[in-house]
Amino acid sequence: MATQAHHHHEHHGHDLADAAEKALTAAGEQWTGMRADIFAVLATFEKPASAYDIADLVSQKRGKRVAPNSVYRILDLFVSNNLASRVESANAYLANSHPGCLHDCIFLICDSCGSATHIDDDSLTGNVRKAAEAAGFHAVRPVVEVRGTCADCD
């Protein structure tokens, strides 16, 4: 397995919410009550969560229906500001446990249990970027997903 090209502090619980709020406000965005609620719910998931799953839980928390379209817009904001990652093949999201560290992610997705393990390998994703540039393509953010079976399900 590839080694991590850098190290970062993993945030959890209230510390994670604080780090997310700081990162978003540093980017010039507001940390609203709705954004805080959506991030708090997203951070509780250990597996990638859909906007519908998140909308259901936020609706319960707020006592009124929250539309998945509203959740999608906020999740897109979170992804663009490195507060969350999108697992493309599952159309689902995970909270980024190190929102202050910008890098490309690699996901190992288990087809059996649905877990998504995030690993960092800047040399691998750097090579993906270089290959895209050599083909005349400007890569904004490579998405690397490997599907298979995790060690727990093997």
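Worth knowing before you read on, the calculation uses all heavy atoms, side chains too, and leaves out hydrogens, waters and symmetry mates.
- Although no hydrogens or angles enter the test, the distance criterion places no donor-acceptor pair under 3.5 Å between the side chain of S70 and the main chain of V66.
- Residues F107 and I119 fail the side-chain proximity criterion, which asks for heavy atoms closer than 4.5 Å.
- Note that the CG atom of D152 and the OG1 atom of T117 stand 8.5 Å from one another [nearest 0.5 Å].
- Contact record, P48 with A116: CG-CB, 3.5 Å, taken as the closest heavy-atom pair.
- Using a 4.5 Å heavy-atom threshold, the side chains of S112 and C150 count as separate.
- Note that the NE2 atom of H118 and the OG atom of S97 stand 7.0 Å from one another [nearest 0.5 Å].
- Using a 4.5 Å cut-off on side-chain heavy atoms (C-beta onward), Y52 and V71 make no contact.
- Criterion: ILVMFWY side-chain heavy atoms under 4.5 Å apart, direct or through other members. Under it, I74 and F45 are part of a common hydrophobic cluster.
- At a threshold of 4.5 Å between non-hydrogen side-chain atoms, the residues N96 and L16 do not count as touching.
- Sequence neighbours left out, the pairs with a member in residues 78-91 that pass salt bridge (charged side-chain N to carboxylate O under 4.0 Å, His left out) are R86-E88.
- Annotation: salt bridge (charged side-chain N to carboxylate O under 4.0 Å, His left out) contacts involving residues 123-137, sequence neighbours excluded, comprise D104-R129.
- Separation of atoms OG (S85) and CG (L94) is listed at 7.0 Å; rounding is to 0.5 Å.
- Applying the ring pair (Phe, Tyr, Trp, His ring centres under 6.0 Å) test to residues at least two apart or on different chains, the pairs with a partner in residues 70-91 are F39-F78.
- One finds the CD atom of Q60 at 13.5 Å from the CZ atom of R65 (value rounded to the nearest 0.5 Å).
- Atom-to-atom distance recorded for L75:CG and L83:CG is 10.5 Å, nearest 0.5 angstrom.
- When every heavy atom of A95 is checked against every heavy atom of L42, the shortest pair comes out as N-CG, 3.7 Å.
- Evaluation of the salt bridge (charged side-chain N to carboxylate O under 4.0 Å, His left out) test over residues 42-61, restricted to residues two or more places apart or in two chains, returns D37-K61.
- Residue pairs meeting the ring pair (Phe, Tyr, Trp, His ring centres under 6.0 Å) criterion with at least one member in residues 125-154: none, sequence neighbours excluded.
- A heavy-atom distance below 4.5 Å is not found between the side chains of D111 and T149.
- In the hydrophobic clustering of ILVMFWY residues, with side-chain heavy atoms under 4.5 Å counting as a link, V87 and V146 come out apart.
- Heavy atoms only, all atoms of each residue included: A92 and S50 are closest at CB-N, 4.2 Å.
- Side-chain contact between D120 and I106 is absent, with no heavy atoms from C-beta onward closer than 4.5 Å.
- Put simply, the side chain of E145 gets close to the backbone of S89: a donor and an acceptor are under 3.5 Å apart.
- Residues meeting the side chain to side chain contact (heavy atoms under 4.5 Å, CB included) test with E29, sequence neighbours left out: L24, R35, L77, N81.
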